[in-house]
Each structure stands twice: as C-alpha cells, then as structure tokens.
Amino acid sequence: MNKSLLLKTLANPLSKAGFVIIVGVFLLAMLAPIIAPYDPDDINVKAILLTPSFEHWMGTDGLGRDVLSRMLYGGRISLLVGLVAVGISTAIGIILGAIAGYYRGWVDTVIMRLVDVMLSIPSFFLILAVIAFLTPSIINVMIVIGLTSWMGVTRLVRAEFLSLNSREFVQASRTLGAKDARLIFMHLLPNSLTPIIVSSVLGIAGAVLMESGLSFLGLGVQAPQASWGNILTDGKDYIQFAWWLSLFPGLAILITVLGYNLLGEGLRDALDPRSSNAK
Amino acid sequence: MKNFAFLNNKLLKRNAKVSSTFLLLFLLSSCGKPAQDATKSLLENLNKTYPSQSGGTFIDATIGEPSGLIYMVAGESAAGAISSNIFNKLLKYDKNLDLEGELAENWKISADQKTITFKLKPNLKWADGKPLTSADVLWTWQAVIDEKTGSPYASDYQLVKKAETPDALTFSVTYEQAYAPALDSWSGLQILPKHLLVNQDLHTSAFTRKPVGSSYYQLDRWTHGENIKLSRNPRSVLGQAKIDNLVTRIIPDSSAQFLELMADNIDSMGLDPIKYARIIPARPELQQKLALYKELGSGYTYMGFNLKHQPFDDVRVRHAINYAIDKQEIIDGVYLGLGIDIASPYKPGTRWSNPNLKPYPYDPAKAKALLKAAGFVDSNNDGILERDGKPFSFEILTNQNKEREKSAVLIQHRLKDVGIQVNIRAIEWASFISRFIKTGDFEVVVLGWGLGLDPDQYNIWHSSQQAPGQFNFIGYNNPTIDKLLEQGRLELNPDKRMKIYHEFAQTLLEDSPIVYLSAGYGLTAIHKRVKGIDAPAPPAGVGWNSYDWYIPEPLRRNEIAAK
C-alpha cells in the first residue's frame with residue numbers, strides 16, 4: 001500500500017515538488033555539521049553584520065556569526081520541533097478520537113466538549129500563556145505545541161470511527177465475537193490512517209510556523225542556539241540595512257511550510273478517491 | 001508627501017466608508033512630483049541659519065504608553081518624559097549639573113545642617129490660574145510619603161521629620177540627621193496642585209490623565225494608544241517655550257519608530273549603536289536630515305552574582321570570572337565602540353568617579369589559576385570544571401534587551417574558554433522583575449543601573465536593603481561598605497564626601513560583587529529642522545534646554561497634519 005501511495009502522490013508535479021523540498025531541507029539539516037562552513041556559535045566582533053559574500057554566503061549577524069551555518073543548524077531545530085510536536089498531537093488525537101468515536105455516550109460528550117473548549121481558545125495565545133509559565137526551551141516548545149494542537153486529529157479520528165463502525169465488515173467482525181481491542185486496532189484504526197497522515201503532514205507545517213513565531217517572540221529556542229525564528233528576530237531591527245538577516249530565514253520558513261503543504265495536499269488527493277483529479 | 005499621507009490617515013479614520021479606490025488614487029497622487037520637490041527644497045533649507053522664533057510642533061515617540069502622568073505614582077520613564085514638561089520641581093540641575101532654583105527662588109541650610117528652608121518665587125500660578133503656594137509643596141510631600149500612595153520614591157522623603165509652611169512662600173523641612181542627598185531629592189519631586197487633588201486617590205483620579213501643572217506645557221489631548229499632545233502653557237512659571245506643541249506618539253516597537261523617523265513623521269528618537277554607527281552613516285539621505293548626538297549615558301551594564309548562592313560567595317570565583325570576561329570585546333561587539341569601560345558605579349569624569357581605579361583586565365590564565373585555587377578542577381576532561389563532583393555551570397538571566405542579550409552571549413563564550421558552562425535566559429521585563437528579582441530566584445543577572453547625580457547608593461549596596469522589592473537583590477553584605485554609605489549620607493562637605501565615595505568604589509571593585517561590563521553612550525537622532533540645540537551636549541544632556549529649541553517656519557510640517 002505504502003509504495004503505491006508514494007507513487008500515486010508523486011505523480012502530481014506539485015506534490016513531487018513538495019516531496020523534493022522536504023527531502024532537501026532534511027538532508028541539509030542532517031548534514032549541517034559537515035557542510036556548515038563555520039561553527040554556528042563562533043563569535044567574531046570584527047565581522048559584525050557583513051553583507052553576503054564568498055566568505056559568508058548569507059552574511060553575518062549582529063555578533064559576527066555566519067548566518068548560513070546558523071541557518072543550517074537552525075533548520076535542525078525547526079524540523080525536529082515540527083516532527084515531535086506533531087507526533088505528540090497525533091498520538092493524543094488518535095487516543096481521544098478513538099475512545100470518543102468507539103464508545104460514544106457520555107465519554108464522547110466529555111471529549112468533544114473538551115475539544116470545543118480547546119478550539120475556542122486561540123491556540124497561539126494559549127501557547128504563549130503556557131510558555132510564559134514554563135522555562136522557554138526546545139523541549140517545552142515541542143510539548144506545548146503538541147499538547148495544544150490535537151483537537152483536529154481527535155475530530156477526524158472520531159468521525160472516521162463513527163462512519164466505519166456502521167460499515168458491514170466491522171458489523172460482521174463484531175457479530176463474530178471480536179473484542180473491542182481487535183475491532184479498534186485491526187479494523188477501525190488502519191482504515192482511518194489516510195486522513196491522519198494527511199492532517200499530520202499539514203500539521204507539521206503549522207508546527208514549524210508556530211516554533212518560528214515563538215522563537216521570534218523570544219519564547220522559543222534560547223540564545224545562543226539558532227532557530228529560524230530567532231535569526232529572524234535579530235534581523236527585524238535592521239531590516240532596512242541588513243536585509244540578509246530577515247530574507248534568508250524568512251525564505252527558509254516559507255519554503256519548508258510550502259513543501260509540507262504541497263506534500264500534504266498531494267497525499268490527500270492520492271488517498272482520497274472522492275477528491276481525485278476532478279477539480 | 002508625508003503631509004498628504006497624514007491627511008489620508010485622518011480621512012480613513014473619519015470616514016470609514018471612503019471607497020478603497022478613492023483612497024488608492026489619493027495615495028498615488030500624494031506621491032507625485034510636487035511632493036518630491038517639496039522634500040528636496042526642505043533638504044536644501046535645512047542647513048540655513050534662522051533666527052529664533054516661536055511656533056511649530058515637535059513630534060517624538062515613546063515605546064510604552066504611560067499609565068498616568070503623576071510621575072511619583074507612575075514611576076515609569078515614559079511618564080517622566082512627559083510629566084517633566086508639565087510640572088515643576090523646587091530645584092533643578094543647570095546645564096553643568098549644578099543645582100539652581102526652579103520654583104524656589106533660593107534655599108538656606110541651617111547651621112546644624114538638618115533644616116532646609118525654601119523660599120518660593122513670588123506670583124507663581126497653576127495653568128488654571130490659581131496661585132501656586134507652599135501649601136501645594138507641603139501637600140505633595142505628604143502625598144508622596146503617604147503609604148496609601150505607595151510611591152516608589154517615598155523613602156527619600158520619609159527621612160523628613162518635620163515639614164512646615166510658615167507663610168505662602170516658605171517651605172521648610174527638618175531631618176532627623178543631616179542628610180547629604182536631600183537637595184538632590186528635592187530636584188526630583190514634581191509639585192502637584194493641592195486644590196485639584198485634595199481628598200482624591202492619586203492612582204484613580206481623573207487628574208492622572210488630565211493633569212494641570214505649572215511648567216512650559218499643558219496637556220491638550222490624550223488619544224489612548226495613539227498620542228499625547230501638549231500645548232504651550234501661557235501661564236508657565238519659567239517663561240515661554242518656543243515650540244507651540246509637543247506630540248508624543250505611542251509606537252511600541254523601535255524598528256517601527258525608526259521607520260517613522262526615516263519617513264519624517266517623528267523628529268527625534270534614541271538610537272541603538274547599530275543604527276547610529278552603521279545604518280545612518282550608510283544612508284546619505286538620512287545624514288542630510290538627521291543630526292546625531294552622542295553623550296555619555298547615565299547608566300551602566302553589569303553582571304551581578306547572587307551572593308547567597310555557592311560558589312559566588314567566594315571572592316576568588318568572582319575575581320576569576322571578572323578576569324575571564326573581555327570587556328573590550330563587549331564594547332566593540334555590542335556597542336560598536338560606543339561605550340567605555342568603568343571601574344566604579346559613577347559616571348566617568350564626574351567628581352564621584354575615582355580616577356585611580358582600573359577595570360579588571362582580560363586575563364584568562366589568571367582566571368584559571370584563581371578557579372583552581374577555589375577548588376575547581378576539570379577532573380573528567382570534559383572541558384568543564386568541577387568541584388566536589390559538581391560541574392561549574394550557571395544560568396544568566398536578563399531581560400529582552402538586545403544589548404544585554406548580546407553581552408550575555410559574549411560572556412557565555414568567554415567563560416566556556418576557562419571551563420564554566422553558562423546558559424542564558426532572556427525574559428520579558430515585568431515577569432523578570434516579579435518572578436526572579438523580587439524572589440531572589442536567580443544565579444547571575446545581566447542588568448543595568450541608572451546613575452543619579454547624587455553619589456548616594458545606599459539603596460543598592462547597603463545590607464539593610466535586601467527585602468523583596470528592594471534594590472540590593474544580589475544580597476550584598478559588607479560592613480565596610482555599609483559604614484561608608486552611612487557616612488556618605490551624613491557628610492555635607494563635598495570634598496570629604498568625595499573621599500568617602502572614592503573609598504567606597506575601591507572597596508566595591510576589590511570585592512567584586514558585580515562585574516562592570518560597560519557604560520554605553522546615550523545616542524540620539526534629532527531632525528535638523530529643530531534648531532537651538534547645544535552641540536556638543538553639555539553635561540546635563542542634549543535635552544537640557546528643549547524649551548529653547550525652535551522650528552523655523554519654512555521647515556515646519558503642515559500644521560493640519562500634525563494633530
């Protein structure tokens with residue numbers, strides 16, 4: 001299934017582009033220690049805010065650090081945060097959605113009202129409020145983003161479970177005496193994977209953006225560690241003068257988020273027979 | 001061009017239904033050729049000389065909107081910058097930082113040095129026409145020491161044992177003991193009108209947003225979240241200011257302020273070193289219209305140890321860290337050379353600063369030797385020193401201030417070289433103070449102290465000032481320092497007083513409870529349309545004679561736009 005899924009996805013040129021972008025960004029981040037021309041934390045007060053040149057492809061920042069090297073290392077943080085945060089939110093979403101969708105009744109009501117409550121709070125401000133009480137660090141950022149963005153997955157999984165529950169193959173299995181665990185893990189969950197994968201990939205894009213936003217506000221990754229968001233903050237004050245400090249991290253965020261979105265859309269089209277190439 | 005843009009803003013607000021096409025057309029037309037010519041001729045006129053004349057509007061900006069305009073209650077610099085144009089004090093500092101009378105015509109100190117008698121100038125009037133008398137001064141003093149007011153400045157005035165007003169022009173205060181900073185404290189208290197405030201809560205009174213004062217300006221209009229406009233007070237007790245209106249726009253982001261400065265929409269702002277030394281010099285069009293002023297700032301940046309924590313209670317460790325930090329690197333890298341190193345907590349070049357003291361030089365070898373003597377050795381070869389099996393690592397807390405954050409990164413870098421692991425955390429100001437400083441829950445901070453003109457620093461260094469919310473939050477406790485600070489407050493002879501504070505600074509440097517990082521320059525840009533500014537700035541700073549600044553008519557903005 002997986003192989004054909006990938007092929008089907010890549011048949012679409014846009015999702016192919018998304019896939020290439022994501023793989024490229026991952027490779028660059030992984031290989032940062034090898035390809036980065038300088039130590040990302042190497043300060044040089046004699047080379048402050050240099051324009052891009054052959055020595056420093058993306059110029060230097062306010063402390064004379066090489067922006068290219070910081071971008072590469074910062075990419076690792078952004079991608080890591082995206083993956084882990086979405087991992088957490090997806091796990092929570094699947095568990096709660098499965099419980100709500102399978103057992104129905106008051107459990108369902110409680111979980112769904114909780115979802116409504118969480119959704120009624122603007123998530124960025126919720127995250128800001130929580131981070132303000134904790135120590136800002138990568139780990140906290142990942143956990144907090146994960147804990148505040150599971151609602152979409154929960155609704156998706158619940159809806160899938162509800163519709164699958166009344167399908168013949170599930171009814172048949174139940175009539176044959178299958179236990180809850182077997183029904184959930186063998187029948188319902190595998191058949192709900194499609195929307196989960198799509199929403200996760202799209203969720204990563206959101207998480208990358210969220211991390212950049214938090215770091216931009218000084219609540220995410222802390223100095224001297226680089227992240228795209230905090231390089232962008234450094235650039236903000238000098239935007240009319242040191243354009244390279246704003247342009248490159250901005251582009252990196254844009255391209256990565258675009259990549260995940262293209263890939264996510266492609267996956268959805270490939271997986272969903274209803275939304276095929278008709279539109 | 002800029003005037004039309006202003007007009008557009010106004011139109012937009014007044015008539016929300018104006019169609020976007022119409023606005024777009026209007027905007028386009030405002031960028032046309034005549035506007036460019038106007039800009040060009042303004043630039044040509046900027047460098048001509050003009051006779052002093054009154055009128056015009058001066059616009060500057062503030063990052064934070066003041067909570068109210070009674071400075072002794074608000075206690076914020078944003079409030080002080082505006083209220084100092086509205087209210088007067090008994091005394092003030094002149095351009096050379098000598099005290100002179102403002103509301104007071106003269107003052108006398110009694111033979112036992114415990115009583116000061118101020119004689120007010122005759123015929124003083126509030127902006128509403130009511131007379132300003134010693135009763136107002138007495139009432140202001142009573143209000144500031146009242147616990148219900150909760151003024152952060154109360155402690156200076158609580159030392160007054162007795163205050164009297166023998167007649168409408170005389171106000172006298174008697175202290176328990178001679179108190180050397182007394183005169184300085186009376187140059188800081190803005191006198192409030194009793195007749196408008198009596199029996200009111202100073203925190204909630206409508207007066208805080210609609211103040212009536214006696215100085216050069218009065219409040220004209222306060223548009224919440226937008227601007228505060230002052231207009232000239234025709235009854236000003238100090239004579240008439242030249243400029244008609246002062247507008248302070250509320251722009252909560254310094255990058256946005258700088259854009260407004262470049263677009264001619266504000267006339268003045270404080271600059272950071274990068275804007276001063278890199279951005280403006282690289283842009284000839286900005287150099288043409290902006291005059292830059294550099295003066296020794298009235299503050300310094302330091303790294304302070306929590307002395308109640310190990311190992312910072314060990315003076316060898318404090319010395320080692322002092323030697324391990326390259327202050328010149330911070331001055332070059334963070335302040336782009338626009339700062340100087342200091343060795344005493346006083347403004348360099350003033351009489352209180354001890355010229356014989358030298359900062360700790362950068363000497364990592366000595367730092368390592370001292371750390372070894374204090375018992376720190378790298379026993380597991382990981383590059384980090386250990387003592388009793390515990391690695392030497394700590395966290396530097398600072399507020400979200402670019403210069404301080406960068407300084408912390410440089411310190412982190414240098415301390416790693418001698419085997420100390422440092423983490424950095426930058427926290428928003430309000431929670432930084434309430435959660436960490438007031439509770440003493442920190443290891444090391446990078447912060448700044450502002451420098452007053454009086455050398456008394458009792459509330460920063462005296463061991464009695466360690467309660468939550470007080471200024472000796474690093475927990476400094478040194479009997480020698482305590483004694484010198486107590487002597488300094490009682491000594492009124494300037495020469496003897498100078499000796500005391502020189503000894504105080506030397507003891508402080510040797511004990512090293514903080515590491516002095518740098519005293520940065522105060523950097524200001526003012527549009528060249530503003531004339532009458534003293535350059536180079538006198539000791540009192542570039543703004544000391546702002547009442548005498550003027551904007552010649554050909555250089556003024558269209559008045560309709562400046563509201």
Side-chain angles (χ1 to χ4, degrees), chain A residues 38-51 59-66 70 125 128-141 214-227 229-246, chain B residues 253-259 261-263 271-275 277-283 286 326 328-337 395-414 416-417 422-432 435-436 446:
Chain A
Y38 298 87
D39 177 343
D41 298 331
D42 204 6
I43 290 164
N44 181 358
V45 295
K46 293 193 175 60
I48 290 171
L49 293 177
L50 296 182
T51 25
T60 61
D61 71 0
L63 283 170
R65 295 173 293 197
D66 181 58
R70 290 182 71 72
F125 292 100
L128 273 184
V130 176
I131 293 273
F133 282 102
L134 301 168
T135 324
S137 71
I138 311 172
I139 295 179
N140 282 337
V141 167
L214 286 173
S215 296
F216 181 79
L217 293 174
L219 292 166
V221 178
Q222 294 294 295
Q225 202 154 27
S227 104
N230 64 24
I231 300 174
L232 202 56
T233 318
D234 287 343
K236 182 194 70 166
D237 288 343
Y238 315 123
I239 193 159
Q240 315 91 8
F241 169 71
W243 51 269
W244 56 94
L245 274 178
S246 314
Chain B
D253 178 277
S254 69
S255 315
Q257 277 190 10
F258 192 59
L259 289 173
L261 181 75
M262 292 197 296
L271 299 176
D272 62 49
I274 297 215
K275 291 193 181 87
R278 290 289 185 87
I279 300 181
I280 293 177
R283 299 185 137 213
L286 292 182
D326 187 349
Q328 195 56 45
E329 180 183 59
I330 293 176
I331 291 169
D332 290 343
V334 178
Y335 296 94
L336 301 177
E395 184 178 69
I396 295 182
L397 286 184
T398 187
N399 67 309
Q400 290 171 339
N401 166 313
K402 269 268 127 60
E403 276 81 44
R404 290 180 193 162
E405 282 180 53
K406 282 188 190 173
S407 303
V409 173
L410 288 171
I411 292 170
Q412 177 185 48
H413 195 62
R414 285 296 162 198
K416 202 176 164 199
D417 291 347
V422 175
N423 300 312
I424 299 170
R425 237 171 111 186
I427 298 151
E428 180 269 325
W429 180 252
S431 56
F432 178 62
R435 256 193 73 194
F436 299 98
V446 169

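Chain naming here is simple, since letters A, B, ... match the order of the sequence lines and numbering starts at 1 in each.
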Pairwise distance CD1(B/Ile274) to CG(A/Leu49) - rounded to 0.5 angstrom: 4.5 Å
A/Asp234, part contacting chain B, at a heavy-atom distance under 4.5 Å: both
Nearest-0.5 Å distance, NZ of residue B/Lys406 to CG of residue A/Asp61: 7.5 Å
Value rounded to 0.5 Å, distance of CG in B/Asn423 from CD in A/Gln225: 10.0 Å
From B/Lys416 atom NZ to A/Asp41 atom CG, the distance as rounded to the nearest 0.5 Å: 7.0 Å
Separation of A/Leu63 CG from B/Glu329 CD (nearest 0.5 Å): 9.0 Å
Segment of B/Leu336 engaging chain A (4.5 angstrom heavy-atom cut-off): side chain
Check: B/Arg278 side chain, A/Ile48 main-chain N or O, donor-acceptor pair, under 3.5 Å: yes
